[in-house]
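I have placed the structure first, in the form of structure tokens, so that the comments after it can refer back to it.
Source: prediction; values computed, not measured. Within every chain, numbering begins at 1; the chains are lettered A, B, ... in the order of the sequence lines, protein sequences first and strands thereafter.
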Amino acid sequence: MERSVPNVEYDPDQFPGLIFRLETPKVTSLIFKSGKMVVTGAKSTEELIKSVKRIIKTLKKYGIKITGKPKIQIQNIVASANMHVHVNLDKAAFLLENNMYEPEQFPGLIFRMDDPRVVLLIFSSGKMVITGAKREEEVYKAVKKIFDKLNELDCIKQVEEEEELEI
Amino acid sequence: RWRKWQIRARIQSSIDRNLAQAMNELERIGNLLGLPKSVKDEAALIYRKAVEKGLVRGRSIESVVAASIYASCRRIKIARTLDEIAQFTKANRKEVARCYRLLLRELNVEVPVSDPKDYVTRIGSLLGLSGAVMKLAAETLEKAKNTGLTAGKDPAGLAAAAIYIAALLNDERRTQKEIAQVAGVTEVTVRNRYKELIQELKIEIQNQ
DNA sequence: AATTTACTTTGAAAAGC
DNA sequence: GCTTTAAAAAGTAAATT
């Protein structure tokens, strides 16, 4: 397959998966000999499904035999959000329970939320990264929850609104 | 009965052997860093907890010792960067940082958020600056903290900039290069923090 | 001194060492 | 544990211009 399909990287000594990139939608897939694959970079579920179909179509075009329909599972959603406030990270680090804040190593406060089970990287600018979610609604729930929590712990300065964006 | 005792004895002896080796390492690194006995003792306590919890398995003794020293410095507020500590081990900063995070998560080691003021004492004394300069730098940092200027920034860089300003105002000028070097940051970082501090705190610096 | 590129952190899966 | 992939956040660093 590494010889029949163009734009492919394959070095089994380095990694057992074959790397195949799609230009549109812009995603990257790791394809394994077991028939399983990992697709990263999709901005939405729709884009992901479209990508999987296009990858399969492309592989078929180059003579790779594929039977049956693919089973797609979302394993991790990475999102960024902006609360449009300033966060007192020192205070938050002191008051929140499962957190780690080490500004000499990373500027964000790392907060592990139990429900939904996600990890948030919170920055003083009010922007953040939410990762580890399997469903989109978990992301929204987590953002709402952390915003309310920071608010009640009085770790927030100059409040405005709350919005979001997904990768 | 006999077998159980034997197993326990074996485990105890392996812990003992590990501890003996670790204490040598701790002493070696601690002395190279010029750390007081209190820090080394605290680090030894942390390391002992780690061994007893089996956290050293699959990791080098040296890395965990280094991580214990870092945690101890943080608890006792003796400013040392991870790089300073890691330079005396075969492991890199990333590996020591990983062990440090493990200690925080798995042991009940509480470490306060690092305070830039702790770096003022170290940088100031390394440069032979007066107590007045260090006091002024600490005050500047306190104001910066209250303004929310320090969040997310490297405390060493903040302290370096505060020292630079305080030394200027006290006629004990040191170059940004000198300060950056002992602080373990680049001149660019010192300059960026410096600009931010004088602008946001409206500090007047007369030329020269 | 400004730009560009690159690394730090987080999460999860894949197959194999 | 490690290897590889992607993307965001903000800080720091190093190499160019």
Side-chain angles (χ1 to χ4, degrees), chain A residues 8-22 25-44 47-48 51 71-83 86-87 89 98-113 116-134 138-139 142 164-167, chain B residues 57-60 63 81-83 92-95 97-102 149-158 160 176 180 183-193 195-196:
Chain A
V8 145
E9 281 177 50
Y10 183 52
D11 183 1
D13 295 329
Q14 196 182 148
F15 189 70
L18 178 148
I19 304 165
F20 177 63
R21 288 166 222 271
L22 264 191
K26 192 171 176 293
V27 298
T28 299
S29 60
L30 307 175
I31 304 171
F32 300 87
K33 59 174 180 269
S34 63
K36 294 185 177 180
M37 75 174 176
V38 174
V39 180
T40 57
K43 296 278 187 202
S44 65
E47 196 175 288
L48 173 66
S51 302
K71 284 179 279 294
I72 303 174
Q73 270 185 298
I74 293 171
Q75 299 293 166
N76 185 24
I77 296 175
V78 182
S80 59
N82 191 346
M83 300 186 284
H86 185 272
V87 185
L89 294 181
N98 300 317
N99 80 87
M100 186 153 69
Y101 175 47
E102 300 278 330
E104 42 263 279
Q105 293 163 64
F106 189 71
L109 181 149
I110 301 163
F111 178 68
R112 287 156 208 281
M113 192 177 275
R117 198 161 191 82
V118 298
V119 174
L120 300 104
L121 310 181
I122 305 163
F123 299 86
S124 63
S125 64
K127 290 185 179 179
M128 56 193 192
V129 173
I130 308 92
T131 184
K134 289 228 174 345
E138 292 173 344
V139 173
E164 199 192 328
L165 218 149
E166 198 201 339
I167 294 180
Chain B
R57 278 180 198 170
R59 260 167 280 268
S60 77
S63 312
T81 63
L82 264 180
D83 277 307
N92 54 349
R93 190 197 85 262
K94 201 173 175 179
E95 175 60 20
R98 189 173 298 148
C99 293
Y100 168 66
R101 265 172 260 144
L102 189 80
L149 270 182
T150 62
K153 270 105 171 182
D154 184 355
L158 286 165
Q176 294 182 351
V185 296
T186 62
E187 288 177 69
V188 180
T189 296
V190 177
R191 205 169 300 129
N192 288 338
R193 294 301 134 250
K195 284 182 197 160
E196 207 170 63

* Asked: Step by step, would you call Leu109(A) with Leu121(A) a side chain to side chain contact (heavy atoms under 4.5 Å, CB included)?
  -> CA-CA 5 Å; Leu109(A) 181 149; Leu121(A) 310 181; over 6 Å; no
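OP1 or OP2 of dA13(D) sits under 4.0 Å from a side-chain N or O of Thr189(B). The phosphate of dG1(D) (OP1 or OP2) has no side-chain N or O of Arg57(B) nearer than 4.0 angstrom. A sub-4.0 Å separation between OP1 or OP2 of dA13(D) and a side-chain N or O of Thr186(B) is present. Lys43(A) has no side-chain polar atom (N or O) that falls below the 4.0 Å cut-off from OP1 or OP2 of dA6(D). Distances shorter than 4.0 Å separate none of the side-chain N or O atoms of Arg117(A) from OP1 or OP2 on dG11(C).
Mapping Pro103(A) and Gln14(A) onto DNA chain D by nearest heavy atom places Gln14(A) closer to the 5' end of the strand.
Judged as a side-chain hydrogen bond (donor to acceptor under 3.5 Å, both in side chains), and not counting sequence neighbours, Ser51(A) has no contacts. Evaluation of the ring pair (Phe, Tyr, Trp, His ring centres under 6.0 Å) rule for Tyr10(A) yields no partner, not counting sequence neighbours. For Ser124(A), there are no side-chain hydrogen bond (donor to acceptor under 3.5 Å, both in side chains) partners two or more places apart in sequence or in a different chain. Partners of Tyr100(B) according to the ring pair (Phe, Tyr, Trp, His ring centres under 6.0 Å) rule, which considers only residues two or more places apart in sequence or in another chain, are Tyr70(B). Annotation: side-chain hydrogen bond (donor to acceptor under 3.5 Å, both in side chains) contacts of Asn98(A) (sequence neighbours excluded): none. With sequence neighbours excluded, the residues that form a side-chain hydrogen bond (donor to acceptor under 3.5 Å, both in side chains) with Arg98(B) are Glu95(B).
Rounded to whole Å, atom P of dA15(C) lies 9 Å from atom NZ of Lys33(A). Counting to the nearest Å, the P atom of dA6(D) and the CD1 atom of Ile31(A) are 14 Å from each other. Separating the CD atom of Glu138(A) from the C1' atom of dA12(C) is a distance of 13 Å, rounded to the nearest angstrom. Spacing between atom CD1 of Ile130(A) and atom P of dT10(C) amounts to 16 Å, rounded to whole angstrom units. Rounded to whole angstrom, the span from the CZ atom of Phe20(A) across to the P atom of dT5(D) amounts to 16 Å. Summarising the geometry, the separation between CG on Asn76(A) and C1' on dA14(C) is reported as 14 Å, rounded to the nearest angstrom. Rounding to whole angstrom units, CE of residue Met37(A) and C1' of dA6(D) are separated by 15 Å. Distance, Ile19(A) CD1 to dA15(C) P: 15 Å, rounded to whole Å.
The pair Arg191(B)-Glu187(B) meets the salt-bridge criterion, since a charged nitrogen lies less than 4.0 angstrom from a carboxylate oxygen. Salt bridge status for Arg101(B) with Glu102(A): absent, with no side-chain N to carboxylate O gap under 4.0 Å.
Here the nucleotide nearest the side chain of Pro16(A), chosen from dA14(C), dT12(D), dA15(C), is dA15(C). Checking dA13(D), dA9(D), dA14(C) against the side-chain heavy atoms of Val185(B) singles out dA13(D) as nearest. Among the nucleotides dA8(D), dG11(D), dA15(C), the one closest to the side chain of Ser80(A) is dA8(D). Comparing dA9(D), dG11(D), dT5(D) against the side chain of Val129(A) picks out dA9(D) as the nearest. Of all nucleotides listed (dA7(D), dA6(D), dA14(C)), dA14(C) comes nearest to the side chain of Lys36(A). When distances are taken from the side chain of Lys134(A) to each of dA12(C), dT10(C), dG11(D), the shortest belongs to dA12(C).
Here the separation of dA8(D) from dA2(C), taken at their P atoms, is 26 Å to the nearest Å. Distance check on atom P: dT9(C) versus dA13(D) gives 15 Å, rounded to whole Å. Comparing dA7(D) with dT3(C), their P atoms are spaced 24 Å from each other, to the whole Å. Here the separation of dA6(C) from dT4(D), taken at their P atoms, is 16 Å to the nearest Å.
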* Asked: Can you give the dot-bracket line for DNA chain C, where a pair is Watson-Crick or G-U wobble with both atom distances under 3.5 Å, crossing pairs use [ ], and | marks a partner on another strand?
  -> ||||||||.|..|||||
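Distance alone, capped at 3.5 Å, places no donor-acceptor pair between the Ser29(A) side chain and the Ile31(A) backbone.
Val188(B) comes within 4.0 angstrom of no nucleic acid atom, judged by non-hydrogen atoms across all strands. At the heavy-atom level, Ser29(A) lies nowhere under 4.0 Å from the strands shown. Here Val119(A) lies in heavy-atom contact (under 4.0 Å) with sugar-phosphate atoms only. Note on Arg112(A): only backbone sugar-phosphate atoms sit closer than 4.0 angstrom, heavy atoms only; bases stay farther off. Contacts of Ser34(A) with the nucleic acid, taken as non-hydrogen atoms under 4.0 Å apart, involve only primed sugar atoms and P, OP1 or OP2. Using a 4.0 Å heavy-atom distance criterion, Gly17(A) is classed as making no nucleic acid contact.
The salt bridge (charged side-chain N to carboxylate O under 4.0 Å, His left out) pairs that include a residue from residues 116-129 of chain A are Asp114(A)-Arg117(A), where partners are two or more places apart or lie in different chains.
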* To do: Using a 4.0 Å cut-off on protein heavy atoms (strictly under), produce a 5'-to-3' string for nucleotides 1-9 of chain C with B for base contact, S for backbone-only sugar-phosphate contact, and - for none.
  => S------BB
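Nearest heavy-atom pair across Val87(A) and Gly126(A) is CG2-CA, 4.0 Å.
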